[in-house]
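Within every chain, numbering begins at 1; the chains are lettered A, B, ... in the order of the sequence lines, protein sequences first and strands thereafter. Given the structure is predicted, the values throughout are model-derived calculations rather than measurements.
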Amino acid sequence: MLDVKFIRENPELVRQGLLNKNAKDVVDEILQLDDKRRSLIANVEELKAKKNKVSAEIPKLKKAGQDTTAIFAEMKQVGDEIAKLDNELKEVEESLENILRNTPNIAHHSVPVGKSAEDNVEVRRWLPDGFSFEYDFKILDHIELGKKLHILDFERGTKISGSGFPLYTGKGATLERALINFMLDTHLKNHGYTEILPPVLVNRESMKGTGQIPKMEEDMYFIEKDGLYPIPTAEVPITNIHRDEILSEKDLTIKYVGYSPCFRREAGSYGKESKGFLRVHQFNKVEMVKFSKPENSYDELESMTNDAENILKALNIPYRILMLCTGDLSFSAAKCYDIETWSPAENKWLEASSCSNFETFQARRANIRFRREDSKKVEFVHTLNGSGLATSRLMVSLLENNQTPEGKVIVPKVLQKYTGFEVID
RNA sequence: GGAGAGUUGGCAGAGUGGUUGAAUGCGGCGGUCUUGAAAACCGUUAAGGAUGCAAGUCCUUCCGGGGUUCGAAUCCCUGACUCUCCGCCA
């Protein structure tokens with residue numbers, strides 16, 4: 001959520017920011033409502049001050065035995081007037097809040113201006129030693145490999161739950177679990193994160209806090225009976241750990257990492273992009289979340305991206321880093337790096353991670369603040385998160401890049417102590 | 001699922017309709033004393049909003065929402081959560 005005060009003071013900057021993000025220009029609408037709001041506040045507070053003053057006098061008058069009938073009548077009127085203005089104010093505030101909650105974050109100045117994914121900028125790429133985009137044997141895709149090696153069973157997954165619910169079997173299940181553990185261990189031991197194992201059903205407040213609601217409501221599963229949402233990412237419960245809290249400056253940066261299954265309806269997105277693992281309703285993800293001081297958040301974004309990259313380097317998977325342009329940034333993000341891994345069978349790059357800085361956008365929604373040591377002032381923190389990483393997309397690249405001409409899959413060295421086997425055949 | 005009790009400031013805990021934003025204790029911060037520290041003593045210690053250059057002034061908030069009243073932390077309704085007992089159960 002953007003700060004009204006900031007919009008009031010920098011209307012043109014915000015206007016341009018919204019345009020760059022392909023969003024509707026709501027600046028004037030916001031400013032009008034804000035004006036109305038402030039004038040109503042001035043009126044109603046004046047009346048309230050009067051009410052308070054008189055109310056304090058009444059016990060004294062009563063004690064002195066004076067007749068208070070006239071005052072009561074007058075105060076009744078003041079009370080009615082206050083109620084009326086309060087109602088108006090509430091309506092204005094609700095409209096304002098409604099617009100603000102549906103207005104995206106604006107991008108950091110370092111983000112390239114652009115319309116769509118085509119304008120994203122490749123920042124760097126990393127290829128394993130001896131890697132080539134040319135293969136001297138026929139590459140199988142992850143679905144064929146999964147079937148042949150009896151490690152992925154999409155048909156039975158569909159029988160059990162419906163399309164988009166992958167079933168891992170045998171060494172496939174073990175490999176998945178190994179991957180999760182390897183990623184968690186790396187972030188804990190090498191990158192200094194604290195592990196979290198969060199609830200996977202959350203309440204509405206939490207979904208609002210991280211910005212999935214109201215804008216993305218259609219893409220969320222919802223358990224009506226209990227008013228709970230299966231999480232689309234561990235970002236939601238982990239960021240909400242500190243909702244409505246004032247953190248100590250000395251505790252920042254807080255770095256959490258957690259594994260969770262992720263649930264997404266992906267409403268209306270069936271088709272060629274959705275075969276196998278490319279788009280699923282349930283997948284596993286290890287998520288990194290940071291709570292940072294504003295002045296450090298962009299350094300933290302770089303290091304978080306590196307943390308995710310280190311996983312891919314260790315797994316020997318080719319990847320590239322894209323800086324998303326303004327038009328392709330998600331609703332809440334001010335800056336974002338996508339990490340894409342290479343799929344030889346698809347012959348393209350697949351998004352496996354997104355590392356974003358939300359600045360104060362989520363913190364303002366979720367009311368996450370910290371107190372400065374010296375000035376004792378309270379400020380919003382910056383929140384960041386990044387996948388580290390999503391195993392389903394990663395699994396595509398992992399299987400395809402490690403296949404042999406005979407159609408076996410070599411388990412990457414770093415995973416072997418987790419899997420207990422070196423080859424899947 | 002059934003019955004009951006509760007939710008007050010960083011924490012503990014008073015307060016059942018009228019200067020209560022809220023006693024008291026603990027904790028935190030500042031000071032006096034001390035070579036330093038402890039103890040003791042004194043002071044201070046919520047967040048948000050409106051207005052103002054500022055100092056300040058004012059408003060809101062005692063779990064959330066609604067109501068009664070001239071006036072609500074206090075009374076009524078409702079929702080969430082916590083605890084105890086019973087039932088059920090990984």
Side-chain angles (χ1 to χ4, degrees), chain A residues 1-9 30-101 197-209 213 222-229 237 240-252 254 360-381:
Chain A
M1 196 155 68
L2 293 173
D3 181 13
V4 189
K5 231 181 237 170
F6 182 81
I7 299 174
R8 201 190 297 150
E9 284 158 16
I30 288 172
L31 291 180
Q32 266 175 30
L33 281 168
D34 182 48
D35 266 356
K36 202 164 169 191
R37 170 180 149 266
R38 285 188 297 154
S39 101
L40 279 169
I41 286 175
N43 287 339
V44 77
E45 287 195 350
E46 196 179 326
L47 287 172
K48 283 180 179 174
K50 182 177 177 187
K51 182 189 91 173
N52 289 342
K53 219 172 216 165
V54 174
S55 287
E57 292 297 320
I58 285 175
K60 293 182 195 163
L61 294 177
K62 275 186 147 176
K63 216 172 242 174
Q66 294 196 26
D67 180 29
T68 50
T69 327
I71 296 180
F72 281 4
E74 193 199 338
M75 283 300 102
K76 172 78 178 155
Q77 282 210 321
V78 172
D80 290 346
E81 184 68 14
I82 288 173
K84 198 185 120 208
L85 289 176
D86 263 344
N87 269 332
E88 266 181 66
L89 180 59
K90 202 172 146 191
E91 271 176 42
V92 170
E93 282 181 333
E94 271 169 13
S95 321
L96 187 57
E97 164 113 0
N98 190 37
I99 295 174
L100 286 172
R101 280 202 179 273
L197 187 59
V200 298
L201 300 182
V202 300
N203 59 30
R204 192 174 173 82
E205 268 316 298
S206 295
M207 292 293 269
K208 279 164 86 173
I213 283 180
F222 179 53
I223 300 169
E224 199 161 357
K225 204 168 181 181
D226 298 288
L228 293 169
Y229 297 81
N240 276 282
I241 287 175
H242 295 299
R243 170 151 52 86
D244 290 321
E245 289 184 16
I246 298 176
L247 303 165
S248 302
E249 181 178 3
K250 62 173 160 46
D251 293 335
L252 302 176
I254 295 172
T360 61
F361 191 84
Q362 289 182 329
R364 184 169 279 112
R365 290 176 163 244
N367 198 27
I368 307 169
R369 296 168 294 173
F370 76 103
R371 192 185 304 278
R372 292 271 180 199
E373 297 259 319
D374 46 3
S375 67
K376 309 289 178 213
K377 283 259 189 295
V378 173
E379 292 176 43
F380 287 109
V381 299

Asker: Taking atom CD1 of A:Ile82 and atom CD of A:Glu45, what is their separation to the nearest 0.5 Å?
Answerer: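 Reported value, rounded in 0.5 Å steps: 10.5 Å.
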
Asker: Say you pick atom P in B:G66 and the same atom in B:U61; how far apart are they, in whole Å?
Answerer: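 So the two P atoms sit 11 Å from each other.
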
Asker: Got a salt bridge between A:Glu97 and A:Arg101, using NZ or NE/NH1/NH2 to carboxylate O under 4.0 Å?
Answerer: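 Yes, charged N to carboxylate O under 4.0 Å.
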
Asker: At under 4.0 Å, does any side-chain N or O of A:Arg37 touch on OP1 or OP2 of B:A50?
Answerer: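 Yes, because at least one side-chain N or O of A:Arg37 sits under 4.0 Å from OP1 or OP2 of B:A50.
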
Asker: Rounded to the nearest 0.5 Å, what separation is found between the CZ atom of A:Arg369 and the OG1 atom of A:Thr360?
Answerer: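 Answer for the CZ-OG1 pair, A:Arg369 versus A:Thr360, is 12.5 Å.
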
Asker: If you find the nucleotide of RNA chain B closest to A:Lys60 and the one closest to A:Arg8, which residue's nucleotide is nearer the 5' end?
Answerer: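 Mapping each residue to its closest nucleotide by heavy atoms, the 5'-most match is A:Lys60.
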
Asker: Shorter than 3.5 Å, N or O on both sides, protein versus nucleotides 43-47 of chain B: list them out with atom names.
Answerer:
from, atom 1, to, atom 2, distance (Å)
B:A47, OP1, A:Arg371, NH1, 2.8
B:A47, O3', A:Arg369, NH1, 3.0
B:A47, O2', A:Arg369, NH1, 3.4

Asker: So A:Ile7 and A:Leu100, do their side chains get closer than 4.5 Å, heavy atoms only?
Answerer: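 Counting from C-beta outward, A:Leu100 and A:Ile7 do come under 4.5 Å.
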
Asker: Calculate the interatomic distance between A:Glu205 atom CD and B:C81 atom C1'; express it in whole Å.
Answerer: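 That distance rounds to 14 Å.
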
Asker: Please state how far atom CG in A:Asp244 lies from atom C1' in B:G48, giving the value in whole angstrom units.
Answerer: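 Nearest whole value for this atom pair: 12 Å.
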
Asker: Check the distance between B:G79's P and A:Asp226's CG and give it to me in whole angstrom.
Answerer: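 Checked: the CG to P distance equals 15 Å.
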
Asker: For RNA chain B, produce a single dot-bracket line, 5' to 3'. Pairs: Watson-Crick or G-U wobble, both distances under 3.5 Å. Symbols: ( ) within strand, [ ] crossing, | other strand, . unpaired.
Answerer: ((((((((.[[[..)..(.....]]]((((((.......))))))((((((....)))))).[[[[[..)....]]]]])))))))....

Asker: Could you work out the separation of B:G9 and B:C26 based on their C1' atoms and round it to a whole Å?
Answerer: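 The same atom, C1', in both gives a distance of 13 Å.
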
Asker: Using the C1' atom on both, measure B:U8 against B:C63 and round to a whole Å.
Answerer: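 B:U8 and B:C63 have their C1' atoms separated by 10 Å.
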
Asker: Roughly how far apart, to the nearest Å, are B:G17 and B:A12 at atom C1'?
Answerer: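 To the nearest whole Å, 27 Å.
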
Asker: To check you understand the geometry: which heavy-atom pair defines the closest contact between A:Lys62 and A:Thr68, and what is its length?
Answerer: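 Where A:Lys62 meets A:Thr68 most closely, the heavy atoms are CG-CG2, 4.3 Å.
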
Asker: With a cut-off of 3.5 Å and sequence neighbours excluded, list every side-chain donor-acceptor pair involving residues 49-61 of chain A.
Answerer:
from, atom 1, to, atom 2, distance (Å)
A:Lys50, NZ, A:Glu74, OE2, 3.2
A:Asn52, ND2, A:Lys48, O, 3.4
A:Ser55, OG, A:Lys51, O, 3.0

Asker: Which whole number of Å gives the distance between the C1' atom of B:C75 and that of B:U68?
Answerer: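 B:C75 and B:U68 have their C1' atoms separated by 8 Å.
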
Asker: Return the value, rounded to whole Å, for the distance between atom NZ of A:Lys90 and atom C1' of B:G49.
Answerer: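 Whole-Å distance recorded here is 17 Å.
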
Asker: Walk me through whether A:Asn98 and A:Ser95 qualify under side-chain hydrogen bond (donor to acceptor under 3.5 Å, both in side chains).
Answerer: CA-CA 5 Å; A:Asn98 190 37; A:Ser95 321; over 6 Å; no

Asker: Rounded to whole angstrom units, what separation is found between the NZ atom of A:Lys208 and the P atom of B:G64?
Answerer: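 Distance, rounded to whole Å: 15 Å.
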
Asker: Checking side-chain contact (heavy atoms from CB on, under 4.5 Å) for the pair A:Ile30/A:Leu2: CA distance, chi angles, key distance, verdict?
Answerer: CA-CA 11 Å; A:Ile30 288 172; A:Leu2 293 173; over 6 Å; no

Asker: Check this for me: A:Glu46, atom CD, are more than 12 non-hydrogen atoms of other residues, nucleotides or ligands nearer than 6.0 Å?
Answerer: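 Count not over threshold, so no.
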
Asker: Please list, by residue number, the residues of residues 67-83 of chain A whose heavy atoms come closer than 4.0 Å to an atom of RNA chain B; answer none if no residue qualifies.
Answerer: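 Here the set is A:Phe72, A:Met75, A:Lys76.
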
Asker: Roughly how far, to the nearest 0.5 Å, is CD1 of A:Ile246 from CZ of A:Phe380?
Answerer: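 The CZ atom of A:Phe380 sits 10.0 Å away from the CD1 atom of A:Ile246.
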
Asker: 5'-most contact on RNA chain B: A:Val54 or A:Asp34, nearest heavy atom basis?
Answerer: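 Its nearest nucleotide lies further toward 5', so the answer is A:Val54.
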
Asker: Roughly how far apart are A:Leu47 CG and A:Asp86 CG, rounded to 0.5 Å?
Answerer: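 The CG atom of A:Asp86 is 9.5 Å from CG of A:Leu47, to the nearest 0.5 Å.
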
Asker: A:Leu47 CG to B:G71 C1': how many Å, rounded?
Answerer: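 Between C1' of B:G71 and CG of A:Leu47: 16 Å.
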
Asker: Taking any heavy-atom pair under 4.0 Å as a contact, classify A:Arg364: base, sugar-phosphate, or nothing.
Answerer: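 Answer is nothing: A:Arg364 stays at 4.0 Å or more from every strand.
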
Asker: Would you call A:Arg372 and A:Glu379 a salt bridge, using N to O less than 4.0 angstrom?
Answerer: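 Yes, this pair counts.
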
Asker: Are any protein N/O atoms closer than 3.5 Å to N/O atoms in nucleotides 58-63 of chain B? If there are, list each pair with its distance.
Answerer:
from, atom 1, to, atom 2, distance (Å)
B:C59, OP1, A:Asn52, ND2, 3.0
B:C59, O2', A:Glu45, OE2, 3.4
B:U60, OP2, A:Asn52, ND2, 3.3

Asker: Calculate the interatomic distance between A:Leu33 atom CG and B:A50 atom P; express it in whole Å.
Answerer: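 Answer to the nearest Å: 15 Å.
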
Asker: State, with a plain yes or no, whether a side-chain heavy atom of A:Ile223 is found less than 4.5 Å away from one of A:Leu201.
Answerer: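 They are in side-chain contact.
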
Asker: Do NZ/NE/NH1/NH2 and the carboxylate oxygens of A:Asp80 and A:Lys84 come within less than 4.0 Å?
Answerer: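 Looking at A:Lys84 together with A:Asp80, the answer is no, because their closest N to O distance does not fall below 4.0 Å.
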
Asker: Tell me, please, which residues at least two apart from A:Glu94 pass salt bridge (Lys or Arg N to Asp or Glu O under 4.0 Å).
Answerer: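 Not a single residue meets the salt bridge (Lys or Arg N to Asp or Glu O under 4.0 Å) criterion with A:Glu94.
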
Asker: For the pair made of CD1 in A:Ile58 and P in B:G17, what is the distance, rounded to whole Å?
Answerer: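 From A:Ile58 CD1 to B:G17 P: 17 Å.
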
